[in-house]
**Q** 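Please see the structure below; I have some questions.
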Amino acid sequence: MTPSPRDALAARLRAAGSVFAEDEADLLLEAGDGDAVRLRSLLQRRLGGEPLEYVLGWAAFDGHRIRVTPGVFVPRARTTVVVKQAARRLSRYDRVVDLCCGAGAISVALLGRVGALDLVAVDVDPDAVEVAAENVGDRGIVVAGDLFAPLPDRFRGVVDVIAVNAPYVPTSAIAMMPTEARDHEHRVALDGGTDGLDLHRRIAAESGVWVRPGGAVVIEVSVAQAPASAELFRAAGFVVSVESDVDVDGTCVVATRPS
């Protein structure tokens, strides 16, 4: 019996090492949209080791399809721990900063969960800013710059939530990351410095200028780094907790500015 196009595609993907070959085959067939030449091109890119999200042009995140382009950090499911912890602290029209926004996945997810927000997303990578602006559209502002530097002055001291997925991989550990990350995503989106917490130090030191009393910083971190990250915020005067979501293997520090 001749295998179906889906089965034939899945067999090639499985032979190349795909763990979810059938799912990938379905997505590639959808993206090919009946065009055999396009499907062949997409398949060759995937077989060549390009991340599936770049091949498709989008990544699934919290029920949304987030547009991604080559080099831009691909949102991970574990970052939904930040979304959940931030969303429970927000109401419509609150002021939000999505710091180190990448493709804008946290922004899109918060807008979906909470509704309209006074939102500014920031990233130092101009490629990320370009695609985040496309994802956020007219529902927020996306700006390029180093952490808090490009924020509007009207946000000073009145931000309700700063949601962050800053790079936290130690420099020496990047070589041990999956090849799809280390060989394809921009290093600036991965490298957190010697212990992975260089940006956490800066964010802890500078957040108090921007977040309102009673407001919070919600920042993703690894389980191993969580105590050290939490201490950075505690030393900066925040009330701190560490929150985890076992369903997505995500961990974040929640740092609340005392009222």
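Along the sequence shown, residues carry numbers from 1.
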**Q** Roughly how far, to the nearest 0.5 Å, is CG of Leu110 from CG of Asp98?
**A** 7.5 Å
**Q** Which heavy atom in Gly145 sits nearest to a heavy atom in Val122, and how many Å separate them?
**A** O-CG1, 3.7 Å
**Q** Can you tell me how far the CD atom of Glu50 sits from the CG atom of Leu42, to the nearest 0.5 Å?
**A** 9.5 Å
**Q** Tell me, yes or no, whether the heavy-atom count around Glu130 atom CD, taken from other residues, nucleotides or ligands under 6.0 Å, exceeds 12.
**A** no
**Q** Taking 4.0 angstrom as the limit, do Arg78 and Asp247 come out as a salt bridge?
**A** no
**Q** Does one hydrophobic cluster hold both Leu199 and Ile162, with members joined at side-chain heavy-atom distances below 4.5 Å?
**A** yes
**Q** Please answer whether the main-chain N or O of Met177 pairs with a side-chain N or O of Arg182 as donor and acceptor at a distance below 3.5 Å.
**A** yes
**Q** Indicate yes or no: does Asp160 engage Arg212 in a salt bridge with an N to O separation below 4.0 Å.
**A** yes
**Q** One pair to check against side-chain contact (heavy atoms from CB on, under 4.5 Å): Val239 and Arg257. What are the steps and the verdict?
**A** CA-CA 6 Å; Val239 177; Arg257 184 180 172 193; over 6 Å; no
**Q** Do Asp125 and Arg187 come close enough that some side-chain heavy atom pair is under 4.5 Å?
**A** no
**Q** For Arg139 and Asp118: C-alpha separation, side-chain torsions, deciding distance, then whether salt bridge (charged side-chain N to carboxylate O under 4.0 Å, His left out) applies.
**A** CA-CA 8 Å; Arg139 298 174 294 170; Asp118 187 359; over 6 Å; no
**Q** Check whether any side-chain heavy atom of Cys252 lies under 4.5 Å from a side-chain heavy atom of Val82, and answer yes or no.
**A** yes
**Q** Which pair of non-hydrogen atoms, one from Val248 and one from Val81, has the smallest distance, and what is that distance?
**A** CG2-N, 4.5 Å
**Q** Hey, could you give me the CZ/CZ distance between Arg95 and Phe155, rounded to the nearest 0.5 Å?
**A** 6.5 Å
**Q** If you draw a 6.0 Å radius around CZ in Arg88, do more than 12 non-hydrogen atoms from other residues or ligands fall strictly inside?
**A** no
**Q** Is the shortest side-chain heavy-atom distance between Phe238 and Val211 below 4.5 Å?
**A** yes
**Q** Examine distances only and state if a side-chain atom of Glu185 and a backbone atom of Val74 form a donor-acceptor pair shorter than 3.5 Å.
**A** yes
**Q** Could you tell me which residues satisfy side chain to side chain donor-acceptor pair (under 3.5 Å) with Asp123, sequence neighbours excluded, listed by chain and number?
**A** none
**Q** Answer yes if the side chains of Gln225 and Ser222 hold a donor-acceptor pair under 3.5 Å, and no otherwise.
**A** yes
**Q** Looking only at side chains, do Gln85 and Arg89 share a donor and an acceptor under 3.5 Å apart?
**A** yes
**Q** Under 4.5 Å between any side-chain heavy atoms of Glu24 and Leu29, yes or no?
**A** no
**Q** Nearest heavy-atom pair of Pro213 and Ser259: which atoms, and what distance?
**A** CB-CA, 3.8 Å
**Q** So, taking the atom named SG in Cys100 and the one named CD1 in Ile203, what distance separates them when rounded to the nearest 0.5 Å?
**A** 5.0 Å
**Q** Would a single hydrophobic cluster contain both Val120 and Val114, if residues Ile, Leu, Val, Met, Phe, Trp and Tyr are joined by side-chain heavy-atom contacts under 4.5 Å?
**A** no
**Q** Is it true that a side-chain atom of Arg45 and a backbone atom of Tyr54 form a donor plus acceptor pair closer than 3.5 Å?
**A** yes
**Q** Decide whether Leu99 and Val143 are clustered together by the hydrophobic rule: side chain heavy atoms of Ile, Leu, Val, Met, Phe, Trp, Tyr closer than 4.5 Å, transitively.
**A** yes
**Q** Under 4.5 Å between side-chain heavy atoms, hopping through other hydrophobics if needed: is there a path connecting Val108 to Phe61?
**A** yes
**Q** Please lay out, stage by stage, how Leu52 and Leu27 fare under the test side-chain contact (heavy atoms from CB on, under 4.5 Å).
**A** CA-CA 9 Å; Leu52 178 65; Leu27 291 168; 4.0 Å; yes
**Q** Hey, does Val68 have a side-chain heavy atom less than 4.5 Å from the side chain of Val131?
**A** no
**Q** So if you build clusters from Ile, Leu, Val, Met, Phe, Trp, Tyr with side-chain heavy-atom gaps below 4.5 Å, do Leu117 and Val159 land together?
**A** no
**Q** For Ser241 and Glu243, does a side-chain donor sit closer than 3.5 Å to a side-chain acceptor?
**A** yes
**Q** Under 4.0 Å between a Lys/Arg side-chain N and an Asp/Glu carboxylate O for Asp7 and Arg12?
**A** no
**Q** Do you know which two heavy atoms are closest between Val253 and Ser229, and how far apart they sit?
**A** CG2-OG, 3.8 Å
**Q** Indicate yes or no: does Arg65 engage Glu30 in a salt bridge with an N to O separation below 4.0 Å.
**A** yes
**Q** For Gly115 and Arg92, work out which heavy atoms get closest and say how close.
**A** CA-NH1, 3.6 Å
**Q** Does CG in Asp35 sit with more than 12 non-hydrogen atoms of other residues, nucleotides or ligands closer than 6.0 Å?
**A** yes
**Q** Checking side-chain contact (heavy atoms from CB on, under 4.5 Å) for the pair Val254/Phe233: CA distance, chi angles, key distance, verdict?
**A** CA-CA 9 Å; Val254 178; Phe233 286 92; over 6 Å; no
**Q** Answer whether the closest heavy-atom distance between the side chains of Val136 and Ser107 falls below 4.5 Å.
**A** yes
**Q** Given the rule in the salt bridge (charged side-chain N to carboxylate O under 4.0 Å, His left out) test, do Arg156 and Glu206 qualify, once you have shown the distances and angles that lead to the verdict?
**A** CA-CA 11 Å; Arg156 192 176 297 271; Glu206 299 175 35; over 6 Å; no
**Q** Roughly how far, to the nearest 0.5 Å, is the CG atom of Leu13 from the CD atom of Glu22?
**A** 9.0 Å
**Q** Does a salt bridge link Asp249 with Arg76, judged by any charged N lying under 4.0 Å from a carboxylate O?
**A** no
**Q** Out of curiosity, Leu28 CG to Asp33 CG, how far, rounded to the nearest 0.5 Å?
**A** 13.0 Å
**Q** Looking at every non-hydrogen atom in both residues, tell me the closest pair between Leu197 and Ala228 and how far apart they are.
**A** CD1-CB, 3.7 Å
**Q** Are Ser207 and Phe148 side-chain neighbours, meaning at least one heavy-atom pair lies under 4.5 Å?
**A** yes
**Q** Would you please test Leu39 and Val37 for side-chain contact (heavy atoms from CB on, under 4.5 Å) and show each step?
**A** CA-CA 5 Å; Leu39 177 60; Val37 174; over 6 Å; no
**Q** Under 30°, 30 to 60°, or over 60°: which ring-plane class applies to Tyr168 and His200, parallel, tilted or perpendicular?
**A** perpendicular
**Q** Asn165 side chain to Glu220 main-chain N or O, any donor-acceptor pair under 3.5 Å?
**A** no
**Q** Quick one: do the Thr171 and Asp191 side chains pair a donor with an acceptor below 3.5 Å?
**A** yes
**Q** Is any side-chain heavy atom of Leu119 closer than 4.5 Å to a side-chain heavy atom of Ile141?
**A** no
